[in-house]
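Data block below; observations after.
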Amino acid sequence: MLRSIAFVVAFASFSLADEAVKLAPEVDAHDESLARVLDSQPNAKDALAAEQAALADGAPLLADILNSEDGEEALLVKTGDKLINFRSKRLIQTFEEKRKEIITMLASHVAVIRNETTLSKGEQTVRIEALNMTMKHINSTFVSYIKNTNELQAVLQNDFSSFQSIMAWQQKLTEEQRRKIAQLQVQAMREHAALERLEENQELILAFEEERLQPQGHVDKVSLMLSEVEGTANALQRFLDDHAFMKAQNVKHASLITVVKIKKAHDSGSTEKPVESRSKRNEQQEMTWLVDADNNQFALTRPADTTQLLEDTGLLNDLLRLVIACFIAGALCTSLNIPAFVGYVCAGTILGPAGLNVVTTIVQITTIGDLGVFFVLFTLGMEFSLETLRSTFRVAVVGGTLYTLFTIVGVACLGSFLNIPLSEMLFVGIVISLSSTTVAANNLTHAEHDAPHGRSLLGILLMQDVYLGVVVAASPMLASFGNISFLDVMYLSAWLVGSFIVLGIITAILTKYVVGRLLSNMSLLDAPTQLLAVLSICFAMLKVTEHMEVSMELGCFLAGLMFSMSESKMRHSKLKGTISASSLNAEGHVAIEGHGMLHQLMVMVEPVKDLFLVIFFASVGMHVYPTFLATNAFLLLVLTTIVLLLKWLAGVCVFYLGLRAVDARTAHVLSVGLAQISEFAFVLASRGRRLGILSQPIYFLLLSVTGLSLLLAPFFWSLVGSSRRKLLASTPTVSM
């Protein structure tokens, strides 16, 4: 035991002596603590005299003691203690001299940077920050050395002369080791954050150097603009990232493991500690959540003891806050003749991470909000029919496809002009080409749903939802854009065709043998079971399309379409007088089915859809960052205007000038209805960021432009109100 301790002492002393020139002590903020540390050390002369006396008496050096098999344990401890104290004092004095030298050197560097007229203010700040980070690292390294030296000296001052004293020391060591592990974990997380800041600083310095070497021109202005956006985005990211971990460190009853674990205690005033492991096992399970070094937060989903009932009060409180805030904001917007969903988005922004930051379960809220989108597509399918699809085939299928391609090509050309990588701009173009089915359907009045321009608009949006599955499947190919082969394209095309064929067969079978019979016997069920039956069909098709790696929204639409087709078939059978006697109820009347039952089911689903839709719009608002919008307001307004004009121009060129499927007024209305970016841009952009397709500035710009386009959509839709009213009063203009 003592031989091991002596070896540690020698290794620390000799290693630190070799590295002395590489280290420096604490500055300014740590001067006081350093003075206390220096005062606590033995006098250097006394330590030197003790060492010389030991050598004069023939006592072996520490290196000799380590190699010796004999010797008294007390002499080993005494000699090692004196030697380490002397060496520590000598090293600290060496560090003190090096400290003054490095401080003078860094101060001169700072003065040179500040007086350098060729450097911009931003570059001066970045370079000075690099010097600050260097000094911080030197300070933290020196503090670590001081702590380790003191801990080693404290160990050597203990009594190890007997086994009992060693056991007593180990018992005291247990608590200290736990405390030290917690401190090391915190320090590791801080070092991780420091590394990220160091890498960001190095990237900024490199960007300034590249900017200085490049010739000035239009592309340089674009690069500079993106660099400024990236700086703003980095600042925002640091602001958002620091919240979770910094709060976790100050939460009561938080304990450090490999992550930060936060739990709610039963009695915060209790100071009793369990003395037996059994008492720990018998403690009641509590709802906990974790925060890792990257500031990801995790909620408990399955406790160790599943027999105990646990509630996620955090999620419950967040839902309550959102619902109340959405009611207030929605009512205020309605009173001002503004669409209510704008208020829902604003409520999410205010309560979200960029606002008051009171909503902590962001992932869970977003997931719940997705149900609102699913129900929107489901109800659209129930209102749709194959006859409607056939009547709008030219506009919806052919026109929708050309519209998407036109938008993608337009964005790619714009990106080529700005010298942005083609793969990145293709992905951006794909995301921008998709419009929001939820917002468009919410903008349409009930009468417009059955009008030609309303059916055409919904048909185009349906095709875009189909393309959404294609985008998700093809996005990994864009990550390796230069390595795409012809076989990859053929495989993707074959997979898409095969998936749609299989989906068509499944839809036909379920419509005939499941949904048709369910709709015929729906009157035998009570209202809650009817609602569950409808939702089960919807979720079943959602899982089918998810398993086939096709858009889940398409599965919800097909589920609603199955009910619509079954209702249509039953209505035709009734008109032909072929309804069987088994469909009569006890009074001899035809049971509520067909159009009546479908309408009743839609009335039941509508409130559920509206509730989840409110949560969805609030979740969209949580991804809107007012500080980023305010900082880059002019740039974002310009980009949003360009995107909306491009989408409007694409609609007019395709539907009116290209296909000539509709007249000018209808093409204008359709183009305005499509002039916004789909809410799924948040999901696709995040996926593109993870795959390395999108750079950080483009990612933040895309999210912000998407949020602005969704907020502006109802205002632009209201501007074409007169044209919409004329279309409602006129004959259908959609070409068959």
Side-chain angles (χ1 to χ4, degrees), residues 395-437 440 457 459-484 486 488-490 492-493 495-496 550-551 553-554 639-659 667 670-689 691-695 698-699 701-703 705-706 709-710 713:
V395 175
V397 180
V398 180
T401 303
L402 293 177
Y403 174 84
T404 301
L405 294 176
F406 188 100
T407 308
I408 294 173
V409 172
V411 174
C413 292
L414 182 62
S416 177
F417 175 72
L418 298 176
N419 200 24
I420 298 176
L422 180 59
S423 60
E424 186 172 15
M425 291 312 298
L426 281 177
F427 189 86
V428 172
I430 291 172
V431 174
I432 290 177
S433 67
L434 302 177
S435 302
S436 175
T437 305
L457 180 60
I460 296 169
L461 294 170
L462 170 62
M463 287 305 303
Q464 292 189 352
D465 289 330
V466 173
Y467 296 146
L468 179 63
V470 181
V471 173
V472 173
S475 54
M477 297 176 64
L478 288 175
S480 55
F481 184 72
N483 300 323
I484 297 177
F486 178 74
D488 294 331
V489 178
M490 292 299 296
L492 180 62
S493 302
W495 171 77
L496 289 174
V550 186
S551 170
E553 292 74 23
L554 177 61
L639 291 177
T640 304
T641 303
I642 293 175
V643 169
L644 297 182
L645 286 176
L646 177 62
K647 300 198 73 172
W648 177 85
L649 182 62
V652 173
C653 291
V654 170
F655 301 124
Y656 179 64
L657 300 179
L659 294 178
L670 291 178
S671 301
V672 173
L674 295 171
Q676 87 282 132
I677 304 177
S678 173
E679 62 276 359
F680 293 108
F682 296 106
V683 179
L684 294 176
S686 177
R687 183 178 178 86
R689 180 74 175 135
L691 292 173
I693 303 174
L694 295 180
S695 60
I698 298 296
Y699 171 72
L701 289 174
L702 183 57
L703 292 185
V705 171
T706 299
S709 69
L710 292 174

Once you round to the nearest 0.5 Å, how far does [atom1] of [X] lie from [atom2] of [Y]?
| X | Y | atom1 | atom2 | answer |
| --- | --- | --- | --- | --- |
| L402 | I460 | CG | CD1 | 10.5 Å |
| L414 | L639 | CG | CG | 8.5 Å |
| C653 | L646 | SG | CG | 9.5 Å |
| C413 | L422 | SG | CG | 9.5 Å |
| I430 | I408 | CD1 | CD1 | 4.5 Å |

What verdict does the side chain to side chain contact (heavy atoms under 4.5 Å, CB included) test give for I432 and L702, after you've listed the backbone C-alpha separation in whole Å, the side-chain angles of each residue and the deciding distance to 0.1 Å?
CA-CA 9 Å; I432 290 177; L702 183 57; 4.2 Å; yes
Test item: side-chain donor near acceptor, Q464 and T437, under 3.5 Å
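Distance-only check fails for Q464 and T437.
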Compare all side-chain heavy atoms of [X] with those of [Y] and state whether any distance is below 4.5 angstrom.
| X | Y | value |
| --- | --- | --- |
| I420 | V428 | no |
| L659 | V395 | no |
| S436 | L710 | yes |
| E553 | F680 | yes |
| I698 | F427 | no |

Over all atoms of both residues, closest heavy-atom pair of [X] and [Y]:
| X | Y | result |
| --- | --- | --- |
| G459 | A396 | C-CB, 3.5 Å |
| A685 | L694 | O-CD1, 3.7 Å |
| S709 | T706 | OG-O, 2.7 Å |
| G399 | V654 | O-CG1, 3.6 Å |
| L457 | A440 | CD2-CB, 4.3 Å |

If we ignore hydrogens and angles and just use 3.5 Å, is the side chain of [X] paired with the main-chain N or O of [Y] as donor and acceptor?
| X | Y | result |
| --- | --- | --- |
| S435 | L674 | yes |
| K647 | Q676 | yes |
| S433 | T407 | no |
| T401 | V397 | yes |
| S671 | V652 | yes |

Between M425 and S416, is a side chain to side chain contact (heavy atoms under 4.5 Å, CB included) present by the stated rule, with each step listed?
CA-CA 8 Å; M425 291 312 298; S416 177; over 6 Å; no
Count the heavy atoms belonging to other residues, nucleotides or ligands that lie under 6.0 Å from OH of Y656, then report whether that count exceeds 12.
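It does not: Y656 OH has 12 such atoms or fewer within range.
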